[in-house]
Number of protein chains: 2
Amino acid sequence: MLDERKKIILKITVKDYIESAQPVSSRILAKKYLLGWSPATIRNEMADLEEEGYLIQPHTSAGRIPSDRGYRFYVDFLLDNYELYDEDIEVANSIIFYSIDWEGLLRKVAELISERTAFIGVVLFPQLDKTTLKKIEFIDLKEDAVVIIVTTSTGVVKEKIVRLSNSMSEEEFKDLRIELNSRFENRKLQEIYWTLSKEKIDLKIPIEIKNGILDVLQDLLYTEREEGVFVAGVSKILQHLEFQNINKVKTLLNVLEEEKIISSLLFTSYLRKGLTILIGEEISIPELNDCSIITTVYSLGENTIGSIGMIGPKRMKYERSLAFVELIGKTLSERLTQLLGD
Amino acid sequence: MLDERKKIILKITVKDYIESAQPVSSRILAKKYLLGWSPATIRNEMADLEEEGYLIQPHTSAGRIPSDRGYRFYVDFLLDNYELYDEDIEVANSIIFYSIDWEGLLRKVAELISERTAFIGVVLFPQLDKTTLKKIEFIDLKEDAVVIIVTTSTGVVKEKIVRLSNSMSEEEFKDLRIELNSRFENRKLQEIYWTLSKEKIDLKIPIEIKNGILDVLQDLLYTEREEGVFVAGVSKILQHLEFQNINKVKTLLNVLEEEKIISSLLFTSYLRKGLTILIGEEISIPELNDCSIITTVYSLGENTIGSIGMIGPKRMKYERSLAFVELIGKTLSERLTQLLGD
DNA sequence: TTTTAGCACTCTCCTTTTAAGACTGCTAAT
DNA sequence: ATTAGCAGTCTTAAAAGGAGAGTGCTAAAA
């Protein structure tokens with residue numbers, strides 16, 4: 001863990017870089033922010049931070065910029081309080097005044113996000129999720145391995161082999177099977193996923209099996225997912241400094257036109273049911289290495305049905321972006337529930 | 001009109017530029033195409049062509065490139081026979097194998113166009129066109145001016161003042177009104193537009209009034225049009241040489257994200273009911289000055305219901321593009337009629 | 001009268017040079 | 001543990017130079 005001074009230096013470095021888009025030098029840090037340490041001291045600290053992977057030096061005689069790890073640390077531990085501009089709140093609330101069709105509303109939300117932030121707004125179509133669980137079955141392979149077999153109402157069967165750290169008796173398997181089936185039979189896959197993935201669950205189940213089932217469920221949900229997305233404001237992203245290079249733009253546009261890629265990103269957030277953020281390489285799409293993605297879900301009544309998000313450069317104001325996306329998600333859910341809730 | 005030699009030189013200049021993307025020099029023309037005239041002669045001819053506005057010289061010591069006027073002349077008078085690659089035909093015919101939903105089919109068509117040509121594919125949603133004519137009325141203002149008043153089934157009233165070159169008697173107005181109303185009452189606006197805009201029509205009607213009615217109809221149709229469009233393959237356009245400049249890309253993307261603009265371009269083609277082509281400034285959208293747009297219509301049975309098109313750089317192979325778009329339009333119409341025709 | 005050879009001139013584009021400026025890392029002093 | 005000072009590195013912008021491509025014009029040839 002970083003000591004206090006390193007944290008301060010990292011935090012200010014990230015903030016300054018987000019603002020200025022210029023590699024941050026020790027001199028700037030000392031002079032602009034009156035930290036009370038000399039440039040030389042700060043230089044030493046920054047060299048340490050670079051060694052530990054939080055900062056990067058574009059070239060020998062340049063200042064430093066945050067690495068993905070640096071941004072991640074910043075987002076996880078150094079963020080100031082969320083700050084919402086009054087106008088952001090106003091814009092989010094304006095959703096309440098739209099009563100166009102379902103599709104039109106979602107499209108409007110994507111446009112709203114992009115207009116207000118000058119980043120890209122994305123919306124995943126509502127997931128139908130009618131598929132329910134038919135049965136969970138186990139086959140004991142001995143040698144502490146077991147096959148999990150899941151059958152769904154749509155007739156799809158999927159299995160997965162799992163290794164156990166502690167062996168289980170015939171009896172225990174039987175109990176677990178009965179318990180799981182009685183509890184989850186005919187329930188929606190998404191609901192089961194959600195219940196199982198909660199930290200606390202009053203069910204005696206080995207962690208490996210639990211994770212195995214979760215994997216299978218995710219797999220099933222993923223292949224049957226609704227892939228439709230709205231992507232709005234692609235042209236807006238070009239005004240940012242990181243996209244002045246034509247080749248970057250090309251590869252970026254390529255990715256953004258692949259609905260499958262965007263929908264799969266949003267789908268992950270949908271399954272996790274919460275505000276999520278991916279930074280640079282965490283997205284696992286090389287073309288989006290300069291971007292961060294913030295997503296959250298929207299729901300109809302009690303049911304999470306889809307997700308929305310924002311794609312922008314890593315160099316974004318996270319406090320504001322996170323708060324804004326979260327707010328939009330909530331407001332959209334309210335509006336949908338109000339319009340269509342039972 | 002240009003003499004034979006100028007035509008040949010213009011034609012080859014355009015063709016070579018489309019192929020090479022380099023300003024075409026007199027030397028290239030003489031040497032590569034063995035025209036039998038010396039570079040000096042060709043130089044003189046090219047200077048003439050420039051003076052008449054068919055060619056442009058990027059700078060003093062460069063070859064020449066076609067102006068919009070040059071492209072237009074080429075497309076109107078110098079085109080070789082349409083050439084369809086076998087693969088283009090195959091791709092167009094593949095439409096027949098899609099039987100996904102209506103919307104999916106249209107989206108697929110836009111993608112097909114862009115995939116096959118590496119340009120942008122666009123599709124205008126089907127126009128509902130339920131609006132019919134209620135009444136056409138005239139008010140004689142004397143002094144050879146008359147107000148045309150058109151009322152529609154949706155209750156919209158629109159009028160237009162028209163000047164006449166030959167005055168009409170009270171009697172003639174009455175006859176015309178009766179004739180027009182008996183003939184067009186309760187007919188769809190689009191149908192009336194189409195009938196009236198035909199060259200030959202067995203109806204005694206002053207040209208000014210006819211054009212006035214057409215204007216009003218176009219206006220009515222335009223404001224009530226379905227604005228939805230699909231735009232596919234925006235990223236593909238970036239591989240072309242004319243879009244290597246980041247600022248051009250920005251403005252281009254801006255326009256392409258404006259559905260209203262694209263739909264209005266397509267709507268014009270829809271009203272004209274045929275294969276149309278606009279080159280550069282003819283499009284009247286500064287951001288598309290480097291582009292040409294080829295559009296055609298698609299129909300369900302006898303009824304034209306929408307239009308499709310392609311947006312690419314002016315420097316495109318017109319023979320192929322025109323043929324391809326036309327073919328796609330026809331094939332799509334056949335497929336739609338087969339799927340949904342009554 | 002039309003065509004062509006020849007040449008001076010122009011403009012682009014690429015490479016090289018030069019210089020200024022921004023920071024760092026390291027050393028030695030505090 | 002901190003800091004001043006300085007040599008060294010790298011970027012960036014501007015300037016200079018030179019090759020190459022192509023034209024317009026003139027005067028000669030057809």
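We name chains A, B, ... by the order of the sequence lines, and we start the count at 1 in each one.
Only H59(A), T60(A), S61(A), listed by number, bring a heavy atom of residues 55-68 of chain A to less than 4.0 angstrom from any atom of DNA chain D. Of all the residues in residues 28-35 of chain B, not one reaches under 4.0 Å from DNA chain D with any non-hydrogen atom.
The CG atom of N44(B) sits 10 Å away from the P atom of dT4(C) (whole-angstrom rounding). At whole-Å resolution of the value, CD1 in I9(A) and P in dT2(D) are 10 Å apart. Summarising the geometry, the separation between CD1 on I42(A) and C1' on dC23(C) is reported as 13 Å, rounded to the nearest angstrom. For the pair R27(B) CZ and dA5(C) P, the computed distance is 13 Å after rounding to whole Å. We find that CG of D3(B) is positioned 17 Å from P of dT1(C), with the value rounded to whole Å. One can place CD of E45(A) at 17 Å from C1' of dC26(C), the figure rounded to the nearest angstrom. Summarising the geometry, the separation between CD on Q22(A) and C1' on dT11(D) is reported as 12 Å, rounded to the nearest angstrom. One can place CE of M46(B) at 11 Å from C1' of dG22(D), the figure rounded to the nearest angstrom.
Using a cut-off of 4.0 Å between Lys/Arg side-chain N and Asp/Glu carboxylate O, E257(B) and K236(A) are scored as not salt-bridged.
With K314(B) as the partner, the side-chain hydrogen bond (donor to acceptor under 3.5 Å, both in side chains) test is satisfied by one option alone out of D290(B), D68(B), N289(B): D68(B).
The aromatic rings of F119(A) and H240(A) sit tilted relative to each other, their planes meeting at an angle between 30° and 60°.
Here T41(A) reaches the OP1 or OP2 of dT3(D): one of its side-chain N or O atoms lies under 4.0 Å away. At dT2(D), one or more side-chain N or O atoms of R5(A) fall inside 4.0 Å of OP1 or OP2 (strictly under the cut-off).
Contact of R43(B) with dG24(D) (side chain to base): a donor-acceptor pair of N or O atoms is detected under 3.5 Å.
Residue-to-nucleotide proximity on DNA chain C shows that, of A40(A) and P23(A), the 5′-proximal contact is made by P23(A).
By the 4.5 Å heavy-atom criterion applied to side chains, V325(B) and T295(B) are not counted as neighbours.
In terms of the salt bridge (charged side-chain N to carboxylate O under 4.0 Å, His left out) criterion, K250(B) has no residue partners (sequence neighbours excluded).
The main-chain N or O of I56(A) is never found under 3.5 Å from a side-chain atom of R64(A) such that the two would form a donor-acceptor pair.
Ring centroid separation for the pair Y74(B) and Y71(B) does not come in under the 6.0 Å cut-off.
Other residues, nucleotides and ligands place more than 12 heavy atoms under 6.0 Å from the NZ atom of K32(A).
For the 3.5 Å distance criterion, the side chains of Y54(B) and T13(B) fail to qualify, holding no donor opposite an acceptor.
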